> 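Please read through the structure below; I'll follow up with questions.
Here the structure is a predicted model, which is why all the values come from computation and not from measurement.
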Amino acid sequence: MYDFEYHKPSSVADAVKLLAADPEAKAISGGMTLLPALKHRLNKPTYVVDLSGIAELRGVRKEGDNIVIGALTKHYEIATHPQILAAIPALARMAATIGDTQVRNRGTIGGSLANNDPAADYPAAALALGATIVTDRRSIPADDFFLGMFTTALEPDELVTGISFPIPEKAGYAKLRNPASRYSMTGVFVAKGPSGVRVGVNGAAPCAFRQGEMETALTANWSPDAVAGIKQSPDELNSDIHGSAEYRANLVAVMAKRAVADAG
Amino acid sequence: MNVTVPFEGIGASVRRKEDLRFLTGRGQYTDDLNRPGQLHAWILRSPHAHARLGRIGTAAAAAMPGVLAVYTGQDLAAAGLGGLPCGWQVTGKGGKVMAEPLHPVLATGKVRHVGDPVALVVAETRAQARDAAEAIEVDYAPLPAIATIGAATAPGAPALHDEAPDNICFDWEIGDAAATDAAFARAHKVVRFDTTNNRLVPNAMEPRAALGEYDPNSGEHTLWTTSQNPHVIRLLMGAFVLKVPEHKLRVVALDVGGGFGSKIYHYAEEALVTWSAAQLKRPVKWTAERSESFVSDAHGRDHVTHAELALDQEGRFLGLRVATLANMGAYLSTFAPAVPTYLSATLLAGVYTTPVIHGQVKAVFTSTVPVDAYRGAGRPETTYLLERLVDVAAREMGMDRTEIRRKNFIRPDQFPYQTPVALQYDSGDYEATLRIALDAADFAGFEARRAEARARGKLRGIGISTYLEACGIAPSKLVGQLGARAGLYEVANIRVHPTGSISVFTGTHSHGQGHETTFAQLVTERLGVPFDQVEIVHGDTGKIPFGMGTYGSRSLAVGGAAMVKAMDKIIAKGKKIAAHLMEAAVEDIEFSDGQFRVAGTDRSKAFAEISMAAYVPHDYPIDEIEPGLEETAFYDPKNFTFPGGCHICEVEIDPDTGEVAVVNFTACDDVGRVINPMIVEGQIQGGLAQGIGQALIEHTVYDRDGQLLSASFNDYAMPRAKDLPSFQVSTSATLCTHNPLGVKGCGEVGAIGSPPAVMNAVVDALRDYGVTHVEMPATPVKIWSIIHQGRSGADLPAAAE
């Protein structure tokens, strides 16, 4: 990696100040994406702002009908947290499928959402659960947060501080892993919650998206069979050496069916 | 006196000695070694598949902090360095010798694959060297890439090398074409089959590394390198590249973390660190990044083959015709020309009595990483071809898959069996391994499992592979006639110390096989010395007389035989000493269980008493024999060894996603005599994992521009524990008839026998869809496309372009 200045602030305000001071500065949380990029010299930040010393970014709590998860919460913690397991078990099950043990003990939910990798798991869950992404300066509904491949509504110096998930009546998740990377080739998160039935899809397209037809079908009839016949259009889906757009379109339907079954 | 000691000889599953240091992080790998004053190398590699090299501007890089030197191909040529040599010369049709273009250590004139080394930077730190490499300005004039065999052989294809204007390295044949044609003329049926054996990246856990050092006082160069065969590297690099004589060049391979063939070859980086260390009078170290491994370790497989099998009415094989295009990559790696020819086409008889065979191989240059031997080397390609072809033939003939195999098996009473493609098999019992595997796999009960799976919405299939392979490539006289530029014997030096402890110096090398354990068991068995009194030393040309290294499952069959020969010399000398000490005739001395006994008496001398007498020769037959107890033996085998067996795979396909799960895998292998059953089982399981990886997920993809798309673990799928079932592995031995241990070799059988078993199972699972063949790897998208889009699998694009 190239040389950079390393900073470890202890407050969100200090972190944002550092990020605002230089457009080439980068925040690092678990580093599961940034570190490999640095090692490959694909990224040349001036400052690396390490968020791990900021206590206010940690913790999981229930606030009314919501589960609020601090941005620095690791996948392993989400997979095993009693309150999450009780309130949104599908989210815990999903977190348990991310990467491997090492990744789950380093990677954080805030980092994953801010990075918005098309093949990451959380964006589909955030969309389906109707989550709100909380930053140092505002709250952004998930529907407005994910803008495109590795692109979000965040300002360059804006930090995700936490995510608020409305507790659903039921939710489920299913995905097919890419045989090489084990990232999601296509994953579908379904939820029936306070804002109705919502279906989030990851891995299939350049950015996670909601599947409206399936939401309508599941609203009328919450059952795996309701989505099995719905054809996802392959237009604008990803196509690469691991899967054609047609294949991913098929997986949307297959994984939706399985996600509904998972939700029960 | 009866002392109970644990049995640690031949046949005991002794725990691996070496694992204590490996599992506790105390192994010593090349990258663990650091020398005083050490510098670091970074290699600038070509981003282009094919380009003319213009000016290389190094001044800015040379002026950067910490940089000691920047070298290009021109510098090496000016210093008189030779190209990287090829160890085999294949002579093709009409006596035409293969095209053998220069393989420069650093590119000159052109670059010919992505990853081709262009410049070397040596600096105080690795980061400084890398920074400086980015400051080198290279003028590339891109030329059209020749990324695949198809592109290289297309009419009007651009030439990669002037020496091979049609990109053909050689056009070679084996067998009797006229007799084969005659057999086809009277065939009841001819079955045709086309397939591509998918290209693989070896991906040893330990990346390659090399550390060079020069001692100006002695003029001696030392190279520490991740090698399966340090003496071969010393010969190739010393004699051909650097022109340094053997006594001034020491090559050391410490612990090596996997090789699978990829660490046999002499690579540019070895010559670069050795040479630059001498220039700069400081040690120079290079360690590959994983992304460099993908574009610089020799790849494996990549054969495109058309085959035709002639059968009579009863399903007997009358003749076989095979034409293969074999990808050599951009340059000839050390073993490359031998892989599709002498390691592949000579196996075309397989386990069958096919009376006439004709094989042709065209070797093709492409603008890709050089291709060479990878676990199995040529034998997996032929085994896959034959065992798929036999299944296709069974279907076309309406025959049972076991029946067609049994009908054509070479029977035990037919050994030694001369094939029509040069080899003579010494032993085997293919019916026995088939029967054991069929029983263990409950083949008879399969249809019930298929029906049960169908009820769950899964497509279940079963596949068989009955195979043989050839190990311990030899004898030297024969391989010399075939074009090998080296002998293929092995060397053992056995040093008995005064107290009876033993150091064994072997020319083979362990890169995970457990030689320190298996070889010690041989010594324990034969000399009766306790297991913990035996040390196996390998990997250092400064300690070991000579050796050809470890590949082709040769270490035990050839290296072990050399040890036996050396031990027999020790015993013979010991008998003379014992005869003197016990005042008996040499002919009356018997040796067993570590005791020299006078036959028919209770007089005996322990092995350690004899060794002490040899080193303290106060009472010694000094007029007849010399003091000391140390012997060296070179063993040149009489023939290859021929392991074989039967693999049976059971898969379940999820038709919704196309995922293939291996749900059962049964192997019964004949690897000859087994020294350590636990290690053999481990070797077979590892090979099966690689074979299943090739069949289901591993795939090397170049795009049209010669860019490697599967250039990291993000895109190149390696098998993981979750992809594999709990294997049922067993062995059933017929002994090798021509080596003293009766051993055949076990390192590659798993990777050789398994891919066709997996693919036969996949095709069987898809039989209701009219599928007759699926190309490897059977990835989810491929299987789904076959089921839902009616595609054959062969027509699927290899890459998104």
Side-chain angles (χ1 to χ4, degrees), chain A residues 1-4 32-33 36-42 44 97 99-101 103 117-120 174-188 203-204 224 227-229 231 234 237-259 261, chain B residues 42 65 125-128 130-131 133-134 201 203 289-292 457 654-660 693 696-703 707-723 777-789 791 796-801:
Chain A
M1 53 184 80
Y2 297 109
D3 287 346
F4 52 76
M32 294 296 88
T33 301
L38 292 176
K39 284 186 179 173
H40 280 105
R41 297 188 160 202
L42 297 172
K44 196 176 180 177
T97 69
D100 53 25
T101 305
V103 167
D117 187 315
K175 72 172 163 183
L176 185 96
R177 288 177 171 84
N178 178 314
S181 69
R182 315 286 157 138
Y183 273 89
S184 171
M185 182 102 91
T186 291
V188 176
V227 289
K231 289 230 181 312
L237 295 193
N238 295 335
S239 186
D240 56 31
I241 60 173
H242 308 290
S244 58
E246 292 80 8
Y247 178 61
R248 285 184 164 89
N250 162 70
L251 288 179
V252 173
V254 174
M255 293 304 137
K257 193 175 146 185
R258 291 181 185 179
Chain B
W42 185 265
T125 71
R126 187 176 158 92
Q128 287 172 331
R130 191 171 181 180
D131 286 343
E134 289 179 4
V201 179
N203 287 320
E289 302 243 307
R290 181 58 66 179
S291 3
E292 279 186 289
D654 181 337
D656 292 339
T657 61
E659 287 172 290
V660 180
L696 295 185
I697 53 176
E698 292 192 48
H699 198 28
T700 308
V701 184
Y702 279 96
D703 71 9
Q707 295 292 330
L708 183 60
L709 299 182
S710 53
S712 78
F713 290 134
N714 244 353
D715 289 304
Y716 188 90
M718 292 292 284
R720 305 177 194 204
K722 203 168 175 293
D723 300 315
T779 57
V781 62
K782 188 182 286 174
I783 299 299
W784 179 82
S785 303
I786 289 168
I787 293 174
H788 296 276
Q789 301 181 321
R791 300 171 83 164
L796 288 170
E801 284 166 353

> Any salt bridge between B/Arg130 and B/Glu289, counting N to O under 4.0 Å?
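Yes, this pair counts.
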> Can you tell me which portion of A/Met185 sits under 4.5 Å from chain B's heavy atoms? Options are side chain, backbone, both or neither.
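Neither part; nothing is under 4.5 Å.
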> Decide yes or no for A/Tyr2 and B/Glu134: does some side-chain heavy atom of the first lie under 4.5 Å from some side-chain heavy atom of the second?
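A/Tyr2 vs B/Glu134: side chains touch.
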> Who among A/Leu176, A/Asp3, A/Asn250, A/Thr186 has the most heavy-atom pairs with chain B under 4.5 Å?
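Option with the top pair count is A/Asn250.
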> If you tally heavy-atom pairs under 4.5 Å against chain B, which of A/Arg248, A/Arg41, A/Lys39 wins?
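Heavy-atom pair counts peak at A/Arg41.
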> With a 4.0 Å cut-off on N to O distance, would you call B/Asp723 and A/Arg182 a salt bridge?
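Yes, this pair counts.
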> Can B/Asp654 and A/Arg258 be counted as an ion pair, charged N to O under 4.0 angstrom?
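Result for this pair is yes, salt bridge flagged.
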> For A/Ser181, is there any backbone N or O sitting under 3.5 Å from a side-chain donor or acceptor partner on A/His242?
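No.
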> Looking at chain A, which one of B/Thr779, B/Leu696, B/Asp131 has the largest number of heavy-atom pairs inside 4.5 Å, strictly under?
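Maximum pair count with chain A is reached by B/Asp131.
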> Side chain from CB out, backbone as N, CA, C, O: work out which of these in B/Ser291 comes under 4.5 Å of a heavy atom of chain A, or both, or neither.
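It is the side chain, since no backbone atom gets that close.
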